[in-house]
Amino acid sequence: MFPNMLPLASGQFGALPVMPVQAMTQQATRHARRVYVGGLPPIANEQSVATFFSHVMSAIGGNTAGPGDAVVNVYINHEKKFAFVEMRSVEEASNAMALDGIIFEGAPVKVRRPSDYNPSLAATLGPSEPNPNLNLAAVGLTPGSAGGLEGPDRIFVGGLPYYFTEAQIRELLESFGPLRGFDLVKDRETGNSKGYAFCVYQDLSVTDIACAALNGIKMGDKTLTVRRANQGASQPKPEQESVLLHAQQQIALQRLMLQPSVVATKVVCLTQVVTADELKDDDDYEDIVEDMRTECGKFGTLVNIVIPRPLPSGEMGPGVGKVFLEYADIESATKARQGLNGRKFGGNQVVAVFYPENKFSQGEYNG
């Protein structure tokens, strides 16, 4: 009777045949053996998820139920991009909790308990926490690397300009101290920033100071919203006021440091390089263009050079006195900006800044 009521668990993931009583036990423990995996990339399938988690469980020393694969079954909801991964044992499922934030197919995934997980009942079935001796470094994780982004001291950082790099954001946040965890949320399809991040400081005492100092600051065309992720922004305690003042001064300096590279583009605009008089003569103009092409081509592939000239009437048109350099990629433009900014040219100190690509392509040179 039992084999008909409780069919043997079998399938493509190498589940071991079980006796009827064992099948009943598996059913009773399933809530504690299943793991929720969220944020899966579109290319994920049952086989790839099973193979990946069996491999990493073995790599970290998380297998406790003997030889073979830890994963016995996988169910994927492709529309909502999550999976339920069923492990052989309760202990192995608990060890899998340490894999939160692991990179799967190029994207970090969330590893959580499923909604039907019963902590009280699970506690009677086996360990509820990961083994502290797991070799997480073998798969590029550190204890608390993702778990450190949970809890009351997790900070939400919103309103970030989309062109801010991860390094720039970390630099801004770390002016208050080293981070225990950091996650810049990115679009899974494009890999571009969604404009918000989460972080946790190693020294939790600076949490409120950082929130108060950063919240409301203008960054480019955005205004930062910075607060504890699970509540409204807290006000710093009176004894923290002096620290907050110092922190706000640090932020002002950070803003100045970030501004030059905030709008990194393929176009660099130079000023203090040429004068209107030097551009009037055709031969002189051609010499200047050629000199610029030779010098500025050292930083990368130079696609175009535009040096606006005075109008035939002698009037100063838009952009006269500026030199616009269009490179094939942002990396080359960044090298040019760094290499040319501050250089002496004809006795003048060159100023090099990034210029909006859309304005350049439309011939707007007065920005």
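Start at 1 with the first residue, then count along the sequence.
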Please examine the side chains of Leu325 and Ile305, heavy atoms only from C-beta on, and report whether any two atoms are closer than 4.5 Å. yes
Going by distance alone, is a donor N or O of one side chain under 3.5 Å from an acceptor N or O of the other, for Thr51 and Gln47? yes
Other residues, nucleotides, ligands: >12 heavy atoms within 6.0 Å of Lys110 NZ: no
With distance as the sole criterion, is a donor-acceptor pair present between the side chains of Ser94 and Arg33 under 3.5 Å? no
Aromatic ring centroids of Phe360 and Tyr355 under 6.0 Å? no
Could you go through Glu86 and Arg30, starting from their C-alpha distance and side-chain angles, then the distance that decides it, and tell me whether this counts as salt bridge (charged side-chain N to carboxylate O under 4.0 Å, His left out)? CA-CA 7 Å; Glu86 186 176 340; Arg30 178 169 292 167; 3.5 Å; yes
Do Val274 and Leu279 touch side chain to side chain, with heavy atoms closer than 4.5 Å? yes
Can you establish whether the number of heavy atoms outside Gln362 located under 6.0 Å from its atom CD is more than 12? yes
Is Ile76 linked to Tyr36 within one hydrophobic cluster, defined over Ile, Leu, Val, Met, Phe, Trp and Tyr using a side-chain heavy-atom separation of less than 4.5 Å? no
Run the ring-centre check on Phe156 versus Phe198 and record whether the distance is less than 6.0 Å. yes
Side chains of Leu121 and His31: does their closest heavy-atom pair fall under 4.5 Å? yes
Could you check whether Arg227 pairs with Asp208 (Lys NZ or Arg NE/NH1/NH2 to Asp/Glu carboxylate O, under 4.0 Å)? no
Contact between Glu290 and Glu286 at the side-chain level, heavy atoms closer than 4.5 Å - yes or no? no
Quick one: does Leu179's side chain get under 4.5 Å of Arg170's, heavy atoms only? yes
Would you find more than 12 non-hydrogen atoms of other residues, nucleotides or ligands less than 6.0 Å from His78 atom NE2? yes
Less than 4.5 Å apart, side chain to side chain, heavy atoms only: is that true for Val111 and Met97? yes
Report yes or no: do Thr223 and Lys218 form a side-chain donor-acceptor pair below 3.5 Å? yes
Out of curiosity, does Ile102 fall in the hydrophobic cluster containing Phe82 (side-chain heavy atoms, cut-off under 4.5 Å, transitive links)? no
Just so I know, are the side chains of Leu172 and Leu224 near enough to count as touching, which here means a heavy-atom distance under 4.5 Å? yes
Is it the case that over 12 heavy atoms from other parts of the model lie below 6.0 angstrom from the CD atom of Glu331? no
N-O pairing of Asp203 and Arg180 below 4.0 Å: no
Fit a plane to each ring of Phe84 and Tyr75, take the angle between them on a 0 to 90° scale, and name the class: parallel (under 30°), tilted (30 to 60°) or perpendicular (over 60°). parallel
Can Glu171 and Ser175 be said to form a side chain to side chain donor-acceptor pair (under 3.5 Å), step by step? CA-CA 6 Å; Glu171 184 179 3; Ser175 60; over 6 Å; no
Relative to each other, are the rings of Phe176 and Tyr201 parallel, tilted or perpendicular (30° and 60° limits)? perpendicular
Taking side chain as C-beta onward, heavy atoms only, is Val71 less than 4.5 Å from Val74? yes
